[in-house]
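What follows is a single structure, written as structure tokens, with notes after it.
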Amino acid sequence: MPRSSPRNVKVSLMSRMPRGFLPLLLAVLVTAPASAQAPADPALQRLTAALLGPTPLLDDLRELVDEIGGRVTGSAQNLRAVEWGMQKFRQMGVSATREAFTMPDLWLERSAAARIEGEGIVFTPTVAAMPWSAGTPRAGMRAALLDAGNGSDADFARLGSAAKGAFVLVATEELKDVDGLFREYSLFAEVERRAAAAQVGGLVYMGSRPRDILYRHNVNIGNANTMPIVALERDGARRAQRLLAAGRRLQLTLTLDIDDGGPFESFNVIGEIRGSEKPEEIVVIGAHLDSWDLGGGALDNGANASMMLDLARQMKALGVAPKRTIRFALWNGEEQEMIGSWGYTKSHAAELDRHVMTNTVDIGCGRITGFFTNGRADLLEPLDRVLAPVAGLGPFTNINAPIVGTDNYDFMMLGVPNLVANQESATYGPNYHARSDELHECDPRDLRLNAAIIGAVTWGFANADVTWKRDGKAAVEQLVKSTDLEAQMKMFNVWHDWETGTRSRLK
Ligand SMILES: [Zn+2]
């Protein structure tokens, strides 16, 4: 779930095209290499044509989202998704392994309910517990509901000691896009710090999505959190806010049944097509298989997990042989601080030097506008080259800035060359981790075009003549010093583990 780029104001060729234009575009792509300096690669042309054609990509996505549904790491549905991924690789004849790693703790919401009452008023707005929210006693927790404005220092100062033990209602702006999501992440981190300092009984966010759409938004301090924290449907929260402004005294009874436990084993699914000339050198292309559970996890990230499968399937079916080994990763535990991809970097530590590229796709179905190179300026030029054959699907703007919040993180901190696809926000922002993250929010045409782009980048890096080297400690520490990495790492609760050397810190 990375942040957005500076706004790409260029209107792409594709977005001006009528829907039925794909075959013509395809013809242009395969007959006229888009770039003069890139001689046509017949294998890539075949791969691109196959990926743009009627593959099982959308059937896979429908199965994952509609039949398995939301798949939180640690849930039965998540294990079903792992088996599903393994079966898909088996069916296409691509070798795959279920690679175990340890999740530090379990957090699943079994149920959540709220009742607001006082002075003859009673209503029962819907709520969702934020991941790592504490549960409540079985009969619920009842306390005064207070208006904490925007949760600023001034708001908490105004509430003073009244906040202690109370539920505080914090207003939010409506979330419209990925930029808003990052504002929400950084704002909530501050609000949670203030709420904990004020020793509130519980924190109640006004839902930031329109109407009654609920969502989960990881609490900033992760499993160190001890408060109940919920999102309460926007309409109900606004009603409560008006009642409080009118001087009504309200009580909230919150009943959260949370399944929380200690460490458990989870699995990444890693498919592999072995390289024909340099099999010891590895290109990893990955998307996370896990999701939150209020919706089906189509945009985040079923669409791109399904894309990984389709890339492997088409390469295998065409019999095109990459020079380097390509691994197709379906990561797990991403939503709980990218634990699965971290696990991969630990169990494959001995071969990380031979990982020439890792690539992550995690912003739903919006059109790919380019890639983040995460501090590796040396990747910009080769990236332009590997994108040249699909230039007709651009324009692409590649940005050398570091991104935290998805599965490139540990690779980046370990100095392994890594990319994150930058995508148009499209429907991603408002549906992020939400009840509304369902299949119909994904534009299947854009997903296919993205598959062709990712196919070209994967193919390009798997076959390019140059070998990229891992960065060492000095380069990574310099990246931390010279960019906003520290702030991003704090936002995603991974700074402490890096600072103390317990996670992905080069020696
Ligand atoms: Zn995601």
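Remember, it's 1-based here, ligands and their atoms both numbered in the order they're listed.
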N, O or S atom of Glu335 closer to the Zn ion (ligand 1) than 2.8 Å:
no
Any salt bridge between Glu174 and Lys176, counting N to O under 4.0 Å?
yes
Checking Glu184 against Ser208: is there a side-chain donor and acceptor pair closer than 3.5 Å?
yes
Give a yes or no on whether a salt bridge exists between Arg505 and Asp497, defined as a side-chain N under 4.0 angstrom from a carboxylate O.
no
Vertex the Zn ion (ligand 1), arms to His288 NE2 and Asp362 OD1, rounded to 10°
90°
Does the plane of the ring in Trp331 sit parallel, tilted or perpendicular to the ring in Tyr344? Use 30° and 60° as the thresholds.
perpendicular
Asp300, N/O/S atom nearest the Zn ion (ligand 1)
OD1
